[in-house]
Trainee: 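One structure, pasted below without further comment.
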Amino acid sequence: MKLDVSQALKNQGQSYRFKGELTLPGVEVMGDEVSFGNVEVDGEYIAAEEAVSVSAKVKAVAKTRCCLCLSDVELPISTKLKATYMRQPPPDDPDVYPLDGYMADIDMLSGEALILELPMRIVCREDCKGLCPTCGVNRNVERCICQEGGDRLNPFSALTEMLSKNEEV
């Protein structure tokens with residue numbers, strides 16, 4: 001979404017509202033593909049001298065996979081963003097964005113704000129049991145016997161044996 005800020009630059013100090021929908025490309029976050037759907041932006045912008053300040057609320061639905069069971073997950077996200085745009089931003093200030101003529105592009109900024117709002121671990125539900133590390137079955141859907149004392153070798157089976165014989169570890 002590109003905002004035409006020409007009126008704000010002519011009428012310093014006057015606030016202008018905007019509202020719209022965005023289409024953001026999918027991104028890779030910590031090895032998983034995340035896409036954002038139903039992205040809505042609602043905010044305002046105001047000019048002071050050569051700078052235009054934009055503040056908005058961004059809402060979207062993040063679509064990705066559960067980090068435990070790999071099921072599809074849709075997570076509603078809402079965040080606020082604030083940005084400053086200038087025709088010639090200072091080169092040493094990464095928080096000031098350039099104006100393209102009289103246009104302020106808020107797509108990239110909205111996408112970055114949504115990514116930063118994502119939780120560190122995205123799970124399908126609070127009590128997700130995940131995948132069995134031995135057979136790979138989704139333990140939310142099926143029950144497996146791998147973790148219920150079945151005979152299997154793992155790197156820690158030697159420790160279990162040592163503890164059962166009361167040996168010093």
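Atoms considered below: every heavy atom in the structure, side chains included; atoms not considered: hydrogens, waters and symmetry mates.
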Trainee: Which ILVMFWY residues are connected to Val123, directly or by a chain of links, through side-chain heavy atoms under 4.5 Å apart?
Mentor: Leu68
Trainee: For Tyr45 and Tyr16, take the angle between the two ring planes, folded into 0 to 90°, and tell me which bin it lands in: parallel under 30, tilted 30 to 60, perpendicular over 60.
Mentor: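 The rings of Tyr45 and Tyr16 lie parallel, inter-plane angle below 30°.
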Trainee: Measure the SG-CG distance between Cys124 and Leu75 for me, rounded to the nearest 0.5 Å.
Mentor: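 If I round to the nearest 0.5 Å, the distance is 11.5 Å.
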Trainee: Apply ring-ring contact (aromatic ring centres under 6.0 Å, His included) to Phe36 and list each qualifying residue two or more places apart in sequence or on a separate chain.
Mentor: none
Trainee: How many angstroms lie between NZ in Lys129 and SG in Cys69, if you round to the nearest 0.5 Å?
Mentor: 11.5 Å
Trainee: Does anything in residues 101-128 pair up under ring pair (Phe, Tyr, Trp, His ring centres under 6.0 Å), and if so which pairs, sequence neighbours excluded?
Mentor: none
Trainee: For atom CD of Gln88, is the number of surrounding heavy atoms from other residues, nucleotides or ligands below 6.0 Å larger than 12?
Mentor: no
Trainee: Taking atom CG of Leu118 and atom CD1 of Ile77, what is their separation to the nearest 0.5 Å?
Mentor: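 Nearest 0.5 Å value for the CG-CD1 distance: 4.0 Å.
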Trainee: Excluding sequence neighbours, so at least two apart, what forms salt bridge (charged side-chain N to carboxylate O under 4.0 Å, His left out) with Asp127?
Mentor: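 Salt bridge (charged side-chain N to carboxylate O under 4.0 Å, His left out) check on Asp127 returns Arg125.
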Trainee: Let me confirm one number: the CD-OG distance from Glu40 to Ser78, rounded to the nearest 0.5 Å.
Mentor: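 Those atoms lie 10.0 Å apart.
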Trainee: Give me the other members of the hydrophobic cluster that Met86 sits in, counting Ile, Leu, Val, Met, Phe, Trp and Tyr linked by side-chain heavy atoms under 4.5 Å, directly or via other members.
Mentor: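 Traced through the cluster, Met86 reaches Val96.
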Trainee: Answer yes or no: is there a side-chain heavy-atom contact under 4.5 Å between Asp105 and Met103?
Mentor: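 Result no, sub-4.5 Å side-chain heavy-atom pair not found.
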Trainee: Tell me, with the steps shown, if Cys66 and Ile122 meet side chain to side chain contact (heavy atoms under 4.5 Å, CB included).
Mentor: CA-CA 6 Å; Cys66 174; Ile122 298 174; over 6 Å; no
Trainee: Each residue besides Leu70 in its hydrophobic cluster should be listed here, by chain and number; the cluster joins Ile, Leu, Val, Met, Phe, Trp and Tyr at side-chain heavy-atom distances under 4.5 Å.
Mentor: Leu131
